[in-house]
**Student:** 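Before anything else, here's the structure in question.
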Amino acid sequence: MPAVGVPQREFAGIMAQHGMLLLALAVLAWPLGGLAGGLCHWDCLWYEQIATRGYGVAPRTDAADLGQAAWAFFPLYPLLLRAVMDASGLGAHAAGVAINAALFPVLVALAAAYLRQRCGGDRADRAFRIAMLMVLPTGLWFRLPYTECLYAVLLLGCVMALARGWCLGAALLAAALCLTRPTGVICVLIAGLFHGLARTPIPGGAPAARPVRLLEGTAVVAAGGTGLALYILFLDRMLGDGLAFAHVQAAWGHQWRLPVLWIWKGFTRGRWVHLAIAALLEIALIVWGFRIRWRMEAAIVLATFLLACSGSIMSIHRIVLANPFAMILLVRLACAAPPRWRRPLILLCLILDAALAENWLQGGHLLV
């Protein structure tokens with residue numbers, strides 16, 4: 001993908017690694033009915049409901065899901081899912097897997113290009129970064145029929161397009177991002193502020209005067225706000241409550257509290273301990289990001305963490321660590337290790353990948 005700064009040979013390597021890992025995942029899923037059915041749990045079913053039947057006007061009334069409704073889930077991924085189903089004839093499960101199977105190599109290519117622009121490095125460094133991007137345990141979320149991969153591609157693509165001065169493309173990506181997840185608008189706001197106010201563009205960015213960059217950043221933030229406003233207007237017309245996507249979160253047990261209180265609650269409830277530990281590790285990653293002066297990346301991850309952990313600790317690891325800049329910071333951290341650790345790190349990640357994939361396929365809750 002030369003357009004994003006990845007040589008064709010490196011992209012061919014990404015595709016080869018992606019194919020092998022997808023095949024390994026398919027082998028794990030085979031005894032459970034296959035890849036498509038084995039990967040679709042929890043939120044996946046909500047997205048499929050929206051794709052096939054649209055947004056309903058009434059919340060669920062059964063005891064297990066009392067008050068829950070499809071409005072909590074933003075529309076771009078279900079729209080894409082429906083388009084792929086109609087165009088290909090695939091069922092909802094298979095279409096969801098196909099979408100992320102196509103998007104994940106694009107995400108890795110974008111992240112590799114971003115790291116190359118920020119860090120440089122020789123061929124061995126670039127190969128290691130690509131391998132880590134492929135096998136990070138957090139990468140399983142990008143292969144599931146969830147919004148994570150689409151969101152990550154849109155966010156990273158938006159930031160990289162803005163840095164290169166491709167304002168129209170960045171604006172369109174920002175609008176799409178804010179139609180994908182509610183955290184999109186704050187990420188666009190931070191990216192726009194850093195683009196407009198930074199003394200110099202990020203490495204790999206196009207040189208431009210600060211007034212020009214301020215205008216570009218403002219336009220992209222406005223485009224992101226427009227994307228969110230479209231969904232708000234849709235909900236207002238359908239339900240009379242434009243913020244229904246936020247209000248319905250209470251049905252999942254979400255309440256506004258200080259993040260430290262949610263983390264403490266996680267440690268006091270046995271089945272949430274891994275989430276509380278993940279939250280502390282995420283805080284450490286964010287602090288390290290600021291320490292190495294990757295301020296925009298760390299700020300985006302911090303804002304995502306605060307938004308997610310102010311409402312609940314549920315899914316905190318997925319929401320934060322599946323942010324593309326968290327993934328990039330993790331790979332940057334791995335690159336700081338001594339070279340002799342590189343192969344053991346890749347092997348460790350592969351082992352964790354297999355364990356987490358098996359847990360997910362079996363209906364476990366470690367990654368929910």
**Student:** Search all heavy atoms of Ala299 against all heavy atoms of Ile190 and return the closest pair with its distance.
**Tutor:**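 For Ala299 and Ile190, the tightest heavy-atom pair comes out as O-CD1, 3.6 Å.
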**Student:** Pair up each side-chain donor or acceptor in residues 266-287 with any protein partner under 3.5 Å, not counting sequence neighbours, and list the distances.
**Tutor:**
from	atom 1	to	atom 2	distance (Å)
Thr268	OG1	Trp264	O	3.4
Thr268	OG1	Lys265	O	2.9
His274	ND1	Arg271	O	3.4

**Student:** Which atom names give the shortest non-hydrogen contact between Ala251 and Leu66, and what distance separates them?
**Tutor:**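 What the structure gives for the nearest pair is CB-O, 3.7 Å.
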**Student:** Is any side-chain heavy atom of Asp236 less than 4.5 Å from a side-chain heavy atom of Leu243?
**Tutor:**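 No, too far: nothing below the 4.5 Å cut-off.
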**Student:** What's the separation between atom CG in Asn100 and atom CG in Leu22, rounded to the nearest 0.5 Å?
**Tutor:**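 The CG atom of Leu22 is 10.5 Å from CG of Asn100, to the nearest 0.5 Å.
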**Student:** Donor-acceptor pairs are to be reported for all side-chain atoms of residues 352-360 against protein atoms at under 3.5 Å, with residues two or more places apart or in another chain.
**Tutor:**
from	atom 1	to	atom 2	distance (Å)
Glu358	OE2	Gln362	NE2	2.9
Asn359	OD1	Leu366	N	3.3
Trp360	NE1	Leu39	O	3.0

**Student:** Could you go step by step and tell me if Trp294 and Arg118 meet the side chain to side chain contact (heavy atoms under 4.5 Å, CB included) rule?
**Tutor:** CA-CA 9 Å; Trp294 284 40; Arg118 294 282 270 141; 3.3 Å; yes
**Student:** Can you get from Leu347 to Leu21 by hopping between Ile, Leu, Val, Met, Phe, Trp and Tyr side chains that sit under 4.5 Å apart?
**Tutor:**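 Different clusters.
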**Student:** Linking I/L/V/M/F/W/Y whenever any side-chain heavy atoms sit under 4.5 Å apart, do Leu235 and Val57 land together?
**Tutor:** yes
**Student:** When you compare the side chain of Trp71 with that of His247, does any pair of heavy atoms fall below 4.5 Å?
**Tutor:** no
**Student:** Assess whether side chain to side chain contact (heavy atoms under 4.5 Å, CB included) is satisfied between Trp42 and Ser315, documenting all intermediate values.
**Tutor:** CA-CA 12 Å; Trp42 297 289; Ser315 301; over 6 Å; no
**Student:** Would a 4.5 Å heavy-atom cut-off, applied to side chains only, mark Ile50 and Pro75 as touching?
**Tutor:** no
**Student:** For Leu239 and Ala244, work out which heavy atoms get closest and say how close.
**Tutor:**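 Here Leu239 and Ala244 meet closest at CD1-CB, 3.7 Å.
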**Student:** With hydrophobic residues grouped by side-chain heavy-atom distances under 4.5 Å, do Ile186 and Phe290 end up in a single group?
**Tutor:** yes
**Student:** Using a 3.5 Å distance criterion without hydrogens, assess whether the side chain of Trp262 forms a donor-acceptor pair with backbone atoms of Gln255.
**Tutor:**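 Pair found, side chain donor or acceptor close to backbone of Gln255.
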**Student:** Mind listing the side-chain donor-acceptor pairs of residues 92-99 below 3.5 Å, one per line with the distance, residues two or more places apart or on another chain?
**Tutor:**
from	atom 1	to	atom 2	distance (Å)
His93	ND1	Glu48	OE1	3.1
His93	ND1	Glu48	OE2	2.5

**Student:** Is any side-chain heavy atom of Arg116 less than 4.5 Å from a side-chain heavy atom of Asp125?
**Tutor:**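 Side-chain contact under 4.5 Å: no.
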**Student:** Does the side chain of Ser310 reach to within under 4.5 Å of the side chain of Leu258, using non-hydrogen atoms?
**Tutor:**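 No; the side chains remain at least 4.5 Å from each other.
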**Student:** Rounded to the nearest 0.5 Å, what's the gap from CG on Leu144 to CH2 on Trp141? Could you check?
**Tutor:**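 Separation between the atoms: 9.5 Å.
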**Student:** With hydrophobic residues grouped by side-chain heavy-atom distances under 4.5 Å, do Leu179 and Leu162 end up in a single group?
**Tutor:**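 Yes, because Leu179 and Leu162 connect within a single hydrophobic cluster, where side-chain heavy atoms sit under 4.5 Å apart.
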**Student:** Distance from Leu110 atom CG to Leu103 atom CG, nearest 0.5 Å?
**Tutor:**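 Those atoms lie 10.0 Å apart.
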**Student:** Rounded to the nearest 0.5 Å, what separates atom OH in Tyr146 from atom CG in Leu367?
**Tutor:**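 Going from the OH atom of Tyr146 to the CG atom of Leu367 covers 9.5 Å.
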**Student:** For Leu81 and Tyr47, work out which heavy atoms get closest and say how close.
**Tutor:** CD2-O, 4.0 Å
**Student:** State plainly whether the residues Asp86 and Arg82 are in salt-bridge range, i.e. N to O under 4.0 Å.
**Tutor:**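 Arg82 and Asp86: salt-bridged.
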**Student:** Can you classify the ring geometry of Phe74 versus Phe245 as parallel (below 30°), tilted (30 to 60°) or perpendicular (above 60°)?
**Tutor:**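 If you compare the ring of Phe74 with that of Phe245, the planes turn out perpendicular.
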**Student:** Quick one, Ile319 with Arg181, criterion side chain to side chain contact (heavy atoms under 4.5 Å, CB included). Give me CA distance, side-chain angles, the key distance, then yes/no.
**Tutor:** CA-CA 10 Å; Ile319 295 170; Arg181 299 189 72 157; 3.7 Å; yes
**Student:** Quick one: are Leu361 and His41 in side-chain contact, heavy atoms under 4.5 Å?
**Tutor:**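 No - every pair of side-chain heavy atoms lies 4.5 Å or more apart.
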**Student:** Short question: side chain of His18, backbone of Ala101 - any donor-acceptor pair under 3.5 Å?
**Tutor:** yes
**Student:** Can you list everything that forms a salt bridge (charged side-chain N to carboxylate O under 4.0 Å, His left out) with Glu216? Sequence neighbours excluded, please.
**Tutor:**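 Here no residue qualifies.
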**Student:** Hey, is Arg332 close enough to Glu297 for a salt bridge, meaning N to O under 4.0 Å?
**Tutor:** no
**Student:** Nearest heavy-atom pair of Val188 and Cys178: which atoms, and what distance?
**Tutor:**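 Nearest pair, atom of Val188 first, then Cys178: CG2-SG, 4.1 Å.
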**Student:** Do Tyr114 and Phe325 have ring centres separated by under 6.0 Å?
**Tutor:**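 Aromatic pair counts; centres sit under 6.0 Å.
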**Student:** Take the angle between the ring planes of Tyr55 and Tyr231 and call it parallel below 30°, perpendicular above 60°, tilted in between.
**Tutor:** tilted
**Student:** Could you walk me through whether Leu150 and Val153 satisfy the side chain to side chain contact (heavy atoms under 4.5 Å, CB included) test, starting with their C-alpha distance in whole Å, then the side-chain angles of each, then the deciding distance to 0.1 Å, before giving a yes or no?
**Tutor:** CA-CA 5 Å; Leu150 175 63; Val153 168; 5.7 Å; no
**Student:** Please list, chain by chain and in numerical order, all residues satisfying side chain to side chain donor-acceptor pair (under 3.5 Å) with His254, sequence neighbours excluded.
**Tutor:** Gln249
**Student:** So do the side chains of Arg295 and Arg293 get within less than 4.5 Å of each other, counting heavy atoms only?
**Tutor:** yes
**Student:** Give me the atom names and distance for the closest heavy-atom approach of Met327 to Ala111.
**Tutor:**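 Reported closest heavy-atom pair: CE-CB, 3.9 Å.
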**Student:** Could you state the interatomic distance from CZ (Arg257) to OG (Ser312), rounded to the nearest 0.5 Å?
**Tutor:**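 Rounded to the nearest 0.5 Å, the CZ-OG separation comes out at 9.0 Å.
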**Student:** Run the side chain to side chain donor-acceptor pair (under 3.5 Å) test against Arg60 and tell me which residues pass, sequence neighbours left out.
**Tutor:**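 Once residues adjacent in sequence are excluded, the partners of Arg60 under the side chain to side chain donor-acceptor pair (under 3.5 Å) criterion are Gln49, Asp65.
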**Student:** Do Ile351 and Leu25 share a hydrophobic cluster (ILVMFWY, side-chain heavy atoms under 4.5 Å, transitive)?
**Tutor:**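 Looking at the clustering, Leu25 is in a separate group from Ile351.
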**Student:** Hey, would you say the Trp252 and Trp46 ring centroids sit under 6.0 Å apart?
**Tutor:** yes
**Student:** Which value, rounded to the nearest 0.5 Å, describes the distance between Asn323 atom CG and Glu148 atom CD?
**Tutor:** 10.0 Å
**Student:** Any non-hydrogen side-chain atom of Thr147 less than 4.5 Å from a side-chain atom of Phe73?
**Tutor:** no
